[in-house]
J.: 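Dropping the structure in here first, questions after.
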Amino acid sequence: MTTNKAHNLSLSALMLAVLIVCSQLTIPLPIVPITLQTLAVGIIATMLSPGYSVLVVSAYIILGAIGLPVFAGLSGGAPVLAGPTGGYIWAFLVYALITSLLLKVTDKSAFAVFLMNAIGAIAQLFLGTLWIQLFMHASILKAFSIGFFPFLIPLIIKVILVTAVYEGLKKAIVSFA
């Protein structure tokens, strides 16, 4: 195994642990809680290549699907993925892929990290909201009032935090490699 591959696998394992821990940091709300999962997904998408980003998020979903308590509130199992918040979890894959692909073609400046994470996070939030609409058989306006609009300010705060974390970690990660 090459040093670079070992580095990527080690960083991926660390990012998976960060995602699992951040999933437990929850502000309970009706239907959709505010968690730090999306913060972790943003960090993963920013720090890792598209392939490793999707691999880490896929591993998280698989661990939860088989029943390990990795989702918010120490929950797990297929019912979570099929429930009202399932669309948000599945859409983590989209967030990770979009953001990491877009960042691959940028200079990874603070502005680029912020903008690409905002794009990925909004796509994830949008898809989760569509899932809510289907799950609840609600109008699109009701779904957006429950599952999208209340999360825009937390989304902006999390994207700012992702940018700050990346700016703080990028020198350490480069020197580690």
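If you read the sequence from its start, that first residue is 1, and numbering goes on from there.
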J.: Side-chain contact test, heavy atoms from C-beta onward, threshold under 4.5 Å: evaluate it for Ile140 versus Leu130 and give yes or no.
T.: yes
J.: Within this structure, what is the CG-CG distance for the pair Leu55 and Leu48, rounded to the nearest 0.5 Å?
T.: 9.0 Å
J.: Is it the case that one hydrophobic cluster holds both Val162 and Leu14, taking links as side-chain heavy atoms less than 4.5 Å apart, direct or via other members?
T.: yes
J.: Quick check: closest heavy atoms across Lys142 and Ser139, and the distance to 0.1 Å?
T.: N-OG, 3.1 Å
J.: With a 4.5 Å cut-off on side-chain heavy atoms, are Ile146 and Met136 touching?
T.: yes
J.: When rounded to the nearest 0.5 angstrom, what distance separates CZ in Phe151 from NZ in Lys158?
T.: 8.0 Å
J.: Go through it in stages, so that I can follow the logic: the residues are Tyr52 and Ser12, the test is side-chain contact (heavy atoms from CB on, under 4.5 Å), and I'd like the CA-CA distance, side-chain angles, deciding distance and then a yes or no.
T.: CA-CA 7 Å; Tyr52 281 104; Ser12 295; 3.2 Å; yes
J.: Going by heavy atoms in the side chains, are Leu16 and Tyr60 under 4.5 Å from each other?
T.: yes
J.: Looking only at non-hydrogen atoms, find the nearest pair between Thr129 and Ala143 and report the distance.
T.: CG2-O, 3.5 Å
J.: State whether the side chain of Trp131 and the backbone N or O of Thr85 hold a donor-acceptor pair below 3.5 Å, judged by distance alone.
T.: no
J.: Between Gln24 (side chain only) and Leu74 (backbone N and O only), is there a donor and an acceptor less than 3.5 Å apart?
T.: yes
J.: What I'd like to find out is whether the side chain of Val21 reaches to under 4.5 Å of the side chain of Leu36, using heavy atoms alone.
T.: no
J.: When rounded to the nearest 0.5 angstrom, what is the spacing between CG in Leu155 and CD1 in Ile34?
T.: 11.0 Å
J.: Do Val105 and Leu97 share a hydrophobic cluster, counting only Ile, Leu, Val, Met, Phe, Trp and Tyr and linking them when any side-chain heavy atoms are less than 4.5 Å apart?
T.: no
J.: Consider only side-chain heavy atoms of I, L, V, M, F, W and Y, link residues closer than 4.5 Å, and tell whether Ile160 and Val113 are in one cluster.
T.: yes
J.: Taking all atoms of both residues into account, what is the closest heavy-atom pair of Val57 and Ala96, and its distance?
T.: CG2-CB, 3.9 Å
J.: If we only count heavy atoms from C-beta on, is the Met15 to Leu19 side-chain gap below 4.5 Å?
T.: no
J.: Is there a donor-acceptor pair under 3.5 Å between the side chain of Ser75 and the backbone N or O of Ala72?
T.: yes
J.: Over all heavy atoms of both residues, which pair between Pro50 and Leu101 is shortest? Give the atoms and the distance, please.
T.: CG-CD2, 3.6 Å
J.: Under a single-linkage definition using a 4.5 Å side-chain heavy-atom cutoff for Ile, Leu, Val, Met, Phe, Trp and Tyr, are Ile20 and Leu9 assigned to the same hydrophobic cluster?
T.: yes
J.: Does anything in residues 96-113 form a salt bridge (charged side-chain N to carboxylate O under 4.0 Å, His left out)? List the pairs, not counting sequence neighbours.
T.: none
J.: Hey, are the side chains of Thr163 and Asn117 touching, using non-hydrogen atoms and a 4.5 Å cut-off?
T.: no
J.: Should Met47 and Leu103 be marked as a side-chain contact (heavy atoms from CB on, under 4.5 Å) after you check the CA-CA gap, both sets of side-chain angles, and the distance that decides it?
T.: CA-CA 10 Å; Met47 300 297 291; Leu103 283 170; over 6 Å; no
J.: Got a donor-acceptor contact below 3.5 angstrom from the Ser100 side chain to the Ser53 backbone?
T.: no
J.: Let me confirm one number: the CD1-CD1 distance from Ile61 to Ile66, rounded to the nearest 0.5 Å.
T.: 13.0 Å
J.: Would you please indicate yes or no on a ring centroid separation below 6.0 angstrom for Tyr95 and Phe126?
T.: no
J.: Please round to the nearest 0.5 Å and tell me the distance separating atom NE2 of His137 and atom CD1 of Ile132.
T.: 12.0 Å
J.: Quick one, Ile98 with Ile119, criterion side-chain contact (heavy atoms from CB on, under 4.5 Å). Give me CA distance, side-chain angles, the key distance, then yes/no.
T.: CA-CA 8 Å; Ile98 287 174; Ile119 291 168; 4.0 Å; yes
J.: Just checking, any donor-acceptor pair under 3.5 angstrom between side chains of Ser49 and Asn8?
T.: no
J.: Rounded at 0.5 Å granularity, tell me how far CZ in Phe148 sits from CD1 in Ile122.
T.: 6.0 Å
J.: Indicate the ring-plane relationship of Phe144 and Phe149, choosing parallel, tilted or perpendicular according to the 30° and 60° boundaries.
T.: tilted
J.: Test of understanding: clusters of I, L, V, M, F, W, Y form through side-chain heavy atoms closer than 4.5 Å, transitively. Do Ile89 and Ile27 belong to the same one?
T.: yes
J.: Less than 4.5 Å apart, any side-chain heavy atom of Thr35 and any of Leu25?
T.: no
J.: Hey, are the side chains of Leu125 and Leu152 touching, using non-hydrogen atoms and a 4.5 Å cut-off?
T.: yes
J.: Check the pair Val41, Val56 against side-chain contact (heavy atoms from CB on, under 4.5 Å), reporting the backbone distance first and the verdict last.
T.: CA-CA 9 Å; Val41 172; Val56 169; over 6 Å; no
J.: Can Tyr88 and Gln37 be counted as having a side-chain donor-acceptor contact under 3.5 angstrom?
T.: no
